[in-house]
Amino acid sequence: VITASNMAFGTYTGIVLNGTAILSVTCTNTTPYTVGLNPGLGTGPVATVTTRHMMVAGAGALNYALYQDPARATNWGNTPNTDTPASANGTGSAVAITVYGQVPAGQYVTPGAYTDTITATVNF
């Protein structure tokens with residue numbers, strides 16, 4: 001079982017914005033698992049796990065990235081044991097996992113409410 005909170009970056013003014021979200025993962029006791037995050041729904045250019053795009057209706061993209069660590073140094077992708085956090089063992093109870101996000105500085109975008117949807121996958 002996996003649930004997630006929304007990540008909100010706030011109002012983008014051209015400076016770096018950081019955000020966090022919490023994934024809650026429940027796996028059977030002692031079952032090893034990893035959690036992957038897909039590229040999202042961003043288009044034009046197509047989003048990847050290293051460059052995701054939040055979109056606004058009819059007008060462009062705002063780049064952002066998702067990371068495994070609070071320093072925002074290690075990308076969080078969707079390939080188990082390659083760009084996902086290290087394998088963990090299920091406890092039978094919900095385990096909270098923090099996702100760290102960042103919108104880089106210096107993007108000139110159309111004003112609006114930018115959104116994206118990320119699919120988290122538990123691999124076991």
Side-chain angles (χ1 to χ4, degrees):
V1 176
I2 187 167
T3 61
S5 66
N6 289 329
M7 182 178 294
F9 291 106
T11 302
Y12 185 69
T13 61
I15 62 172
V16 170
L17 287 177
N18 292 322
T20 60
I22 302 296
L23 300 177
S24 178
V25 179
T26 305
C27 281
T28 305
N29 195 24
T30 72
T31 300
Y33 68 92
T34 60
V35 178
L37 302 177
N38 81 341
L41 302 176
T43 60
V46 175
T48 67
V49 295
T50 55
T51 306
R52 292 174 167 98
H53 309 292
M54 288 183 276
M55 307 299 293
V56 67
L62 181 62
N63 296 339
Y64 73 103
L66 299 176
Y67 298 96
Q68 302 175 34
D69 60 312
R72 292 167 173 83
T74 306
N75 182 64
W76 193 328
N78 205 27
T79 306
N81 303 315
T82 300
D83 60 0
T84 61
S87 181
N89 286 320
T91 64
S93 298
V95 175
I97 303 169
T98 303
V99 179
Y100 301 90
Q102 186 171 78
V103 178
Q107 299 182 67
Y108 300 97
V109 296
T110 303
Y114 286 77
T115 63
D116 195 10
T117 299
I118 298 295
T119 299
T121 303
V122 178
N123 301 288
F124 56 93

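Along the sequence shown, the residues carry numbers beginning at 1. Only a predicted model underlies this, so the values are computations on that prediction, with no experimental measurement involved.
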State yes or no: do [X] and [Y] share one hydrophobic cluster built from I, L, V, M, F, W and Y residues joined by side-chain heavy-atom distances below 4.5 Å, directly or via other members?
| X | Y | answer |
| --- | --- | --- |
| Y67 | L62 | no |
| M7 | M55 | no |
| F9 | V99 | yes |
| W76 | V95 | yes |
| I118 | Y100 | no |

Would you say the side-chain atoms of [X] pair up with the backbone N or O of [Y], donor to acceptor, closer than 3.5 Å?
| X | Y | value |
| --- | --- | --- |
| Y12 | P111 | no |
| D83 | N78 | yes |
| S5 | I22 | yes |
| Y114 | V109 | no |
| N18 | Q102 | no |

*Could you please spell out the steps behind the side chain to side chain contact (heavy atoms under 4.5 Å, CB included) verdict for T79 and V49?*
CA-CA 10 Å; T79 306; V49 295; over 6 Å; no

How many angstroms lie between atom [atom1] of [X] and atom [atom2] of [Y], to the nearest 0.5 angstrom?
| X | Y | atom1 | atom2 | answer |
| --- | --- | --- | --- | --- |
| M54 | T115 | CE | OG1 | 9.0 Å |
| T50 | L66 | OG1 | CG | 11.0 Å |
| H53 | T48 | NE2 | OG1 | 6.5 Å |

*Has N29 got more than 12 heavy atoms of other residues, nucleotides or ligands less than 6.0 Å from its CG?*
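It does: N29 CG has more than 12 such atoms within range.
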
_Testing the basics here: between N75 and R52, what is the closest heavy-atom pair and its distance to 0.1 Å?_
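Minimum heavy-atom separation between N75 and R52: OD1-NH1, 4.1 Å.
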
*Could you check D116 against L41 for side chain to side chain contact (heavy atoms under 4.5 Å, CB included), going step by step and ending with a plain yes or no?*
CA-CA 6 Å; D116 195 10; L41 302 176; 3.6 Å; yes

